[in-house]
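The figures that follow rest on heavy atoms only: side chains count, while hydrogens, waters and symmetry mates do not. All figures in this text were calculated on a predicted structure; none of them were measured in a lab. Per chain, numbering begins at 1; letters A, B, ... match sequence-line order.
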Number of protein chains: 2
Amino acid sequence: MPHNSARCRSNCPINFVLETFGDKWTLLIVRDLLFHGKRHYGEFLASDEQISTNILADRLQRLERDGVVEKQADPSHGSKVIYRLTQKGRELLPIMLEITAWSGKHDSRTNVPKAFLKQLAKDRPRLAAQILDSLDETEKG
Amino acid sequence: MPHNSARCRSNCPINFVLETFGDKWTLLIVRDLLFHGKRHYGEFLASDEQISTNILADRLQRLERDGVVEKQADPSHGSKVIYRLTQKGRELLPIMLEITAWSGKHDSRTNVPKAFLKQLAKDRPRLAAQILDSLDETEKG
DNA sequence: CGCCGGCACTTGCATTTCGCAAGCGCTGCT
DNA sequence: AGCAGCGCTTGCGAAATGCAAGTGCCGGCG
């Protein structure tokens, strides 16, 4: 937890998320976990933005320490590791959706499908529930 | 705009906001503009988190370049400068409110008043409207 | 008219973080 | 027994950050 660390800067809620997510990479890992069903180290490494392996290892460790992500051995494959969001991590979804809406509006080159933005505007709770459901599916399978 | 820069990493909406806000400081400036009615360089400098002056100058310049903030001379005091959010910047409010809600829930030492969180849960559009109104007030006065 | 204080930056330099490439250790498969 | 895949570590040059001091402009006051 940020506030347990020595370098806590304030108790402002904006600052609180910045202590964990205030860099160019951490939120991309959350995105991959939440929207893209990724669970393995190599999958994060393969994302478009090309995170380097040392940074990835560092960020996963921080996310785990901050209670956003948990790590477990892959039962079906001993040398693999499964990363998944905790409940706290899943609760980032509303933030992620607001971010998507904002970028959808202000980024002329966005890759967000129009249909997704429409659904976001029309019935956000339902969309959120669908995303969490499909995440559960992924984690079961 | 991030995508006009050479170092654009992808067209993902999450990445889009990270290109502008992906560091430990930028969003604190937005917070000060949006929630605390700050407009002057020296006011940002005085915030709890103690941003250093060279970083502040750099971030304000980037925010202006990205169309989130605009800069104008203070008519009442020639050596002062007024910074204000553009419409695009004001539209960050929903993101900021979601962040506040998340931190309010997960940060045991948060300084967010309980009443604020309640209002956030109960009638968010109204709260958002109030915040924007009081921002208009500040900018008029 | 000249000086002084406030304000918005700039500059220089030490420290930290990042980015890239190579390598390591363990596991399962053949 | 050997090899390939996977998660992660290490080393090093480059870039970003943090800190402190300095610069230039404006307004106010004597």
Is there any protein nitrogen or oxygen under 3.5 Å from a nitrogen or oxygen in nucleotides 6-8 of chain C, and what are the pairs?
residue: dA8(C); atom: OP2; partner: G42(B); partner atom: N; Å: 2.8

Taking only nitrogen or oxygen atoms into account, show me every contact under 3.5 Å that the protein makes with nucleotides 10-14 of chain D, one pair per line with its distance.
none

Does W25(A) make a side-chain N or O approach to OP1 or OP2 of dG19(C) shorter than 4.0 Å? yes
side-chain contact (heavy atoms from CB on, under 4.5 Å) partners for [X], two or more places apart:
| X | result |
| --- | --- |
| S134(B) | none |
| S79(B) | H77(B) |
| Q61(B) | none |

Measure [atom1]/[X] against [atom2]/[N] and give the value in whole Å, please.
| X | N | atom1 | atom2 | answer |
| --- | --- | --- | --- | --- |
| D23(B) | dG18(D) | CG | P | 9 Å |
| D74(B) | dG27(D) | CG | P | 11 Å |
| Q50(A) | dG19(C) | CD | P | 12 Å |
| L45(B) | dT10(C) | CG | P | 14 Å |
| K24(B) | dT17(C) | NZ | P | 10 Å |
| E49(A) | dG19(C) | CD | P | 12 Å |
| D58(B) | dC9(C) | CG | P | 12 Å |
| R59(A) | dT9(D) | CZ | P | 14 Å |

So the ring pair (Phe, Tyr, Trp, His ring centres under 6.0 Å) pairs with at least one residue in residues 20-54 of chain A (sequence neighbours excluded) are F21(A)-W102(B)
So salt bridge (charged side-chain N to carboxylate O under 4.0 Å, His left out) across residues 44-60 of chain B, not counting sequence neighbours, yields D23(B)-R59(B), R31(B)-E49(B), D58(B)-R62(B)
So the salt bridge (charged side-chain N to carboxylate O under 4.0 Å, His left out) pairs with at least one residue in residues 126-135 of chain B (sequence neighbours excluded) are none
Ranking dG19(C), dG18(D), dC8(D) by distance to the side chain of S52(B), first place goes to dG18(D)
Test of understanding: with salt bridge (Lys or Arg N to Asp or Glu O under 4.0 Å), list the residues that count as partners of [X], not counting sequence neighbours.
| X | value |
| --- | --- |
| K105(B) | E91(A) |
| D74(B) | none |
| K71(A) | none |

When the rotation axes relating C1' atoms of four end pairs to the next four are compared across the helix from dC1(C)-dG30(D) to dT30(C)-dA1(D), five pairs an end, they differ to 10° by 0°
Does the side chain to side chain donor-acceptor pair (under 3.5 Å) test come out yes or no for N15(A) and R9(A), once each step is laid out? CA-CA 8 Å; N15(A) 183 61; R9(A) 303 183 298 177; 2.8 Å; yes
Assert: residue with more 5' nearest nucleotide on DNA chain C, out of S76(A) and R62(A), is R62(A)
- request: For the residue pair M96(A) and L27(A), establish whether any side-chain heavy-atom pair is separated by less than 4.5 Å.
  value: yes
